[in-house]
*Asks:* 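Please read through the structure below; I'll follow up with questions.
Letters go in sequence order (proteins before strands), and every chain restarts at 1. Keep in mind that what you see is a predicted model, and the values were worked out from it rather than measured.
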Amino acid sequence: MSEQFRSIRGIHDGLPADVRRWRYIEDAAQRVFARYGFSEVRLPVLEPTGLFIRSIGSDTDIVSKEMYRFEDQGGDDICLRPEGTAGSVRAYLQAGLTRSGSQRWFYIGPMFRRERPQKGRLRQFQQIGAEWFGVSGPVEDVEALAMAHAFLNELGIADLSLEINSLGCPACRPAYREKLVAYLQARRQSLCDTCNTRIEKNPLRVLDCKVESCQAQLTDAPEMVSHLCSDCQTHFDALIAGLEALKIPYRINPRIVRGLDYYNRTAFEIVTGKLGAQGTVLAGGRYDGLIEEQGGPSTPAIGFAAGLERLAMLLPDIPGVQPDVAIVAIGESVRVYALKIANQLRRGGCRVIHCGGGSAKRQFKLADREQVRFVAVVGEDEMKSEMLRLKDMQSGEQTDIPVQDAIVCCKRMTPS
RNA sequence: GUGGAUGUAGCUCAAUGGUAGAGCCCCGGCUUGUGAUGCCGGUGGUUGUGGGUUCGAGUCCCAUCAUCCACCCCA
């Protein structure tokens, strides 16, 4: 007795019921993103490790402890991509598109992060992401947000809320950061242990600490949105004006922080209360410095990514396609003939399953379980007369009709 | 990486430390070519895995693995 294999921890199978949801989501993304002029790209799952160290930042959890990283047989340091933006920028530069005007891309694919699995958090998960290169204005920020909003709207998911913030820019963030650190240091004693380490590592992170006693200390903490430089302020104001004009509901959340180093100015999240601790369903923001950081010309950009599995959890079951007709073959003598009939029906555009033979009862049970609308009985009589005995499984009525008529009948009853 | 909960048939769950069961599902049958309800029968388990305590462990103890939930972090 050999041991059965299991999928790797936190890496799950996409079974038919899952994939139906995924496809539903992907189809919505394709439709909506097309309306905004975005084109799909398919980028590598394996990338040089250095790409992420440079792009995301070596101090981040993602890079420092969550990457599937290894040396391949040729001695190259490579890893499974933990997110999609870094690779998109790499591809954008590699293809020499910096002088081709703004580029509007989207992608759908697996990402890998070696974290402890929990609800809405897998080690291999899928993201639907959009990246828009070469645009700097608040207009594009509004459009990107409107596109994200339209996408989720298309899915019909209720009770989502959009939260926005500005992270400032290299001109105003350092001064704000100093002010915040001073504020936090004055309250060191009252903050939790993790927050104390965050003061040096990533002080902004303290702002969204979940510990109540910490939040109590932060009621009048300085917020980035009230320390923006005039350019950032103008940008933020225009973003808000755009959202208002499009009547997209939003909430300014000064506590939104980005874990990844490359973000600046606009940052946003769309969250649900229905997924426990992993309620962020879509998140993104502006990353004006990343392309230059990767060695390209200074190029502004904005993007977002949505978690496919998280969205899927918010969707009801999606019914699979049902066959129109099941072939029930009676007797050995019609074996080959029944196969031909099945294909003839398929060529005519019907979805056909073949019940495989055996007793009529067995085959009817099978057909019933598949919830087909019709059963076409093929026996010696039918073979001789080139007819089918077509039974409507809902009404129980059955009639003998020519094969061609059966095709028409089955197709008409189940349109799509 | 840290903490908590849970692992018994394909699924949902039973079984005072004393022979592992039920329901559903699945397979076959209830005369010859007709399904959903009915009746009969059947397959299926080294109780996640490995140790230990005991005359005896599904049950108690330890370890390990997996799943779930939370922290951390993030989509």
Side-chain angles (χ1 to χ4, degrees), chain A residues 1 3-12 25 56 59-66 82-85 108-130 148 152 192-195 197-198 201-202 205 208-211 256-260 268-272 275-284 303-314 326 328-331 333-334 355 357-383 389-398:
Chain A
M1 184 70 97
E3 194 185 335
Q4 277 189 36
F5 287 109
R6 285 192 59 89
S7 68
I8 294 166
R9 179 175 205 190
I11 300 186
H12 292 191
I25 296 166
I56 304 175
D59 290 340
T60 59
D61 283 10
I62 290 179
V63 167
S64 63
K65 49 191 193 201
E66 293 173 4
E83 57 94 49
T85 299
I108 302 170
M111 307 294 165
F112 304 83
R113 265 127 81 162
R114 199 184 181 290
E115 303 179 85
R116 190 83 163 247
Q118 72 182 78
K119 189 185 185 76
R121 195 174 71 184
L122 299 167
R123 288 181 170 183
Q124 176 176 338
F125 59 103
Q126 299 175 89
Q127 285 190 333
I128 298 182
L152 297 176
C192 71
D193 288 347
T194 43
C195 277
T197 65
R198 284 194 272 231
K201 228 178 105 187
N202 191 349
R205 198 92 257 174
D208 68 351
C209 180
K210 283 169 192 164
V211 180
I256 286 185
V257 182
R258 280 282 89 108
L260 283 44
F268 58 95
E269 291 181 6
I270 297 179
V271 298
T272 173
L275 291 181
Q278 257 63 38
T280 303
V281 124
L282 181 150
F304 63 78
L308 187 53
E309 288 85 353
R310 287 186 186 177
L311 289 173
M313 284 191 283
L314 299 173
V328 168
I330 307 292
S333 57
V334 299
C355 293
S359 76
K361 182 176 272 284
R362 190 196 81 87
Q363 295 187 66
F364 265 85
K365 275 186 178 171
L366 246 159
D368 187 54
R369 200 185 309 156
E370 298 274 356
Q371 296 188 288
V372 290
R373 178 67 195 274
F374 293 103
V375 165
V377 180
V378 184
E380 285 200 45
D381 297 344
E382 287 79 6
M383 182 163 66
R389 176 157 293 184
L390 194 66
K391 177 167 185 176
D392 183 327
M393 295 294 275
Q394 275 172 27
S395 66
E397 291 167 20
Q398 52 185 5

*Asks:* Identify, between A/P117 and A/Q126, the residue whose nearest nucleotide on RNA chain B lies closer to the 5' end.
*Replies:*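 Of the two residues, A/P117 wins.
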*Asks:* Please determine if A/D61 and A/K201 form a salt bridge, counting it only when a charged side-chain N lies under 4.0 Å from a carboxylate O.
*Replies:*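 Judged by the 4.0 Å cut-off on N to carboxylate O distance, A/D61 and A/K201 do form a salt bridge.
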*Asks:* Is the shortest side-chain N/O distance from A/Q118 to OP1 or OP2 of B/A70 below 4.0 Å?
*Replies:*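 Checking A/Q118 against B/A70: at least one side-chain N or O falls below 4.0 Å of OP1 or OP2.
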*Asks:* Rounding to an integer number of Å, can you tell me how far A/K119 NZ sits from B/C69 C1'?
*Replies:*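 Checked: the NZ to C1' distance equals 9 Å.
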*Asks:* Measure from the side chain of A/R362, starting at C-beta and using heavy atoms only, and say which of B/A66, B/G28, B/C73 lies closest.
*Replies:*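 Out of B/A66, B/G28, B/C73, the nucleotide with an atom closest to A/R362's side chain is B/G28.
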*Asks:* Heavy atoms under 4.0 Å, any strand shown: does A/K210 hit a base, just sugar-phosphate, or nothing?
*Replies:*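 Base contact.
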*Asks:* Once you apply a heavy-atom cut-off of 4.0 Å, does A/Q363 come out as touching a base, just sugar-phosphate, or nothing?
*Replies:*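 If one applies the 4.0 Å heavy-atom cut-off, A/Q363 turns out to touch nothing in the nucleic acid.
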*Asks:* Could you tell me whether A/G331 contacts a base, only the sugar-phosphate backbone, or nothing, with contacts defined as non-hydrogen atoms closer than 4.0 Å?
*Replies:*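 It contacts nothing in the nucleic acid.
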*Asks:* Treat primed atoms plus P, OP1 and OP2 as sugar-phosphate and everything else as base, then score nucleotides 30-40 of chain B 5' to 3': B for base contact with protein heavy atoms under 4.0 Å, S for sugar-phosphate contact only, - for none.
*Replies:* B--BBBB----
*Asks:* Heavy-atom nearest nucleotide on RNA chain B for A/I62 versus A/L366: which residue maps closer to 5'?
*Replies:*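 Checking each residue's closest nucleotide, the 5'-ward one belongs to A/L366.
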*Asks:* Hey, does A/G84 reach any base, or is it just sugar-phosphate, or nothing, if we go heavy atoms under 4.0 Å?
*Replies:*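 No contact.
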*Asks:* What integer distance in Å separates A/D61:CG from B/U2:C1'?
*Replies:*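 The distance from CG of A/D61 to C1' of B/U2 comes to 14 Å, rounded to the nearest Å.
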*Asks:* Which part of the nucleic acid, if any, lies within reach of A/L122 when heavy atoms closer than 4.0 Å are counted: base, sugar-phosphate only, or nothing?
*Replies:*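 It contacts base atoms.
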*Asks:* Starting from P on B/A75, measure out to CD on A/E66 and report it in whole angstrom.
*Replies:*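 Nearest whole value for this atom pair: 10 Å.
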*Asks:* Which dot-bracket notation, 5' to 3', represents the base pairing of RNA chain B when pairs are defined as Watson-Crick or G-U with both distances under 3.5 Å, crossing pairs as [ ], and inter-strand pairs as |?
*Replies:* (((((((..((((....[..)))).(((((.......))))).....(((((..]....))))))))))))....
*Asks:* Mind checking whether A/Q371 and A/M393 have side chains closer than 4.5 Å, heavy atoms only?
*Replies:*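 No - every pair of side-chain heavy atoms lies 4.5 Å or more apart.
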*Asks:* Using atom C1' of each nucleotide, how far apart are B/G58 and B/U47 to the nearest Å?
*Replies:*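 Their C1' atoms lie roughly 5 Å apart.
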*Asks:* Base, sugar-phosphate alone, or nothing: which one does A/A367 contact when heavy atoms must sit under 4.0 Å apart?
*Replies:*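 Here A/A367 touches no strand at all.
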*Asks:* I'd like the C1' distance from B/A20 over to B/U8, given in whole Å.
*Replies:*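 The answer is 8 Å between these two C1' atoms.
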*Asks:* What is the nucleic acid contact for A/R116, judged by heavy atoms within less than 4.0 Å: base, sugar-phosphate only, or nothing?
*Replies:*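 Touches a base.
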*Asks:* So among A/I330, A/V334, A/L390, which one has a side chain to side chain contact (heavy atoms under 4.5 Å, CB included) with A/V377?
*Replies:*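 The passing option is A/I330.
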